[in-house]
Protein chains: 2
Amino acid sequence: MEYLEAKDKFISTWGSLGSLWGINKAMAQIQALLFISTKPLSMEDIMEDLKISRGNTSMNLRQLMDWGIVTKVLVSGERKEFFTTEKDVQELTRIIAKERSRREIQPVLKVLDDVSSIKDDGTDKTKELIKQTKALHDLTINADAMLNKLVTQKQNWLTKSIIKLLK
Amino acid sequence: MEYLEAKDKFISTWGSLGSLWGINKAMAQIQALLFISTKPLSMEDIMEDLKISRGNTSMNLRQLMDWGIVTKVLVSGERKEFFTTEKDVQELTRIIAKERSRREIQPVLKVLDDVSSIKDDGTDKTKELIKQTKALHDLTINADAMLNKLVTQKQNWLTKSIIKLLK
DNA sequence: TTAAACTTTCAGTAATTATTGAAAGTTTGT
DNA sequence: ACAAACTTTCAATAATTACTGAAAGTTTAA
């Protein structure tokens, strides 16, 4: 496999994966492109490489910056803006996990908490609703806490030692 | 909040959450409905409750059964089929994690492995592609292993002790 | 074997989500 | 203050994805 083929394969796979976990294709592809680029890219560069429109590029770059994954960089002597992404996978994971927790997990926790707190009128169905949403709430709390703890660790040794511990 | 309102809130939240992590709204809502139901439900019951068509119900129930989350149950004296979902959140998590690993993570790992294995032609961009896809591959392997180990544990004590360990 | 009771399939349609491209907006240098 | 270089916005449109409903298929009981 040649460089160009490998690059395309990586970008398109990353793109379709993205849509699977809540971000759209273009956004994931832009991030992928920046991730394997050796230098910051301009909007023009990205549009050309991925063959997407200026508007699309602009909007998705903004979203990536909102997520904190992509940042603008100034290239001296250039008027236009250049972009780069976090290159360290560990740090990238940390940012994404934190952001997803904030955007998705917290609102769900709120609903689960509200629902599991309704007045118990003594009927079976109410008891079941309370019981099951409480169980989901606890599980979600635990999973979220674990995720955050794990990804907060900058070093890899802890992760590795836990995996070992669990074998 | 009354039972009916709480129930609707739970089902619709679960439904929109579902579409966020790769299963469609109807599928997630059917699962949610079964999850808080005190007894198995027929296709008719589900259609009426969620106000969705027979076809939609049939297709999504099948998918849920493919995932291994929902099972048919025979109700004596009844001709039609009834459905129920796994009620234990721990077990539910285990099934979903395993299924998602198989469906999503493994194919991505394959691509990352292929891409990171291309011949190093000595150029910077090739080196970067190899380096970054390798890093992602390793991270993904670790995350997947950890996920599987964690959810394989049936008891909750281990999870709790790990969280403690990480504090 | 027939028909009633039930489930599945799938072509057509609806709903949702992503993308374009051109106009409006902004910044910078002279 | 002007205009060139660049970015953002957003209404229109395209692409994707989900849903319906009726016909076809299957199972069961008599």
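Because the structure is a prediction, the values reported are computed rather than measured. Convention: sequence-line order gives letters A, B, ...; per-chain numbering from 1.
- For L61(B) and dT9(C), the CG to P distance is 13 Å, given to the nearest whole Å.
- For the atom pair CE (M43(B)) and CD (E81(B)), the distance works out to 8.5 Å, reported to the nearest 0.5 Å.
- In this structure, N24(A) reaches the sugar-phosphate backbone alone: every heavy-atom distance under 4.0 Å involves primed, P, OP1 or OP2 atoms, never a base.
- Summarising the geometry, the separation between CD on E78(A) and P on dT28(C) is reported as 14 Å, rounded to the nearest angstrom.
- For the pair M59(A) and F82(A), both in contact range of DNA chain D, the more 5′-proximal nearest nucleotide belongs to F82(A).
- Checked against dT20(C), dT7(C), dC19(D), the side chain of S53(A) finds its nearest nucleotide in dT20(C).
- Protein atom NZ of K80(A) is 17 Å distant from nucleotide atom C1' of dG29(C), rounded to whole Å.
- Defined by atom type and a distance below 3.5 Å, a donor-acceptor pair is missing between the side-chain atoms of D124(B) and T38(A).
- Rounded to whole Å, atom P of dT8(C) lies 13 Å from atom CD1 of I52(B).
- A donor and an acceptor atom, one from each side chain of N148(A) and D144(A), are located under 3.5 Å apart.
- Atom CD in E44(B) sits roughly 12 Å away from atom P in dA5(C) (whole-Å rounding).
- Judged by distance alone with a 3.5 Å cut-off, no donor-acceptor contact links the side chain of R62(B) to the base of dT8(C).
- In the interface, the side chain of R54(A) is not paired with the base of dT8(D) through any donor and acceptor atom under 3.5 Å apart.
- The nearest heavy atom of DNA chain C to F83(B) and to R79(B) marks one nucleotide each, and the one closer to the 5' end goes with R79(B).
- When the C1' atom of dT7(C) is taken as reference, atom CE of M47(B) falls 11 Å away, rounded to whole Å.
- At a cut-off of 3.5 Å, with distance as the only test, no side-chain donor of N60(A) or Q31(A) sits close to an acceptor on the other residue.
- The distance between atom CG of N56(B) and atom P of dG21(D), rounded to the nearest whole Å, is 11 Å.
- Between E44(B) and R54(B) there is a salt bridge, with a side-chain nitrogen of the basic residue lying less than 4.0 Å from a carboxylate oxygen of the acidic one.
- A straight line from CE of M43(B) to P of dT20(D) spans 12 Å, rounded to a whole angstrom.
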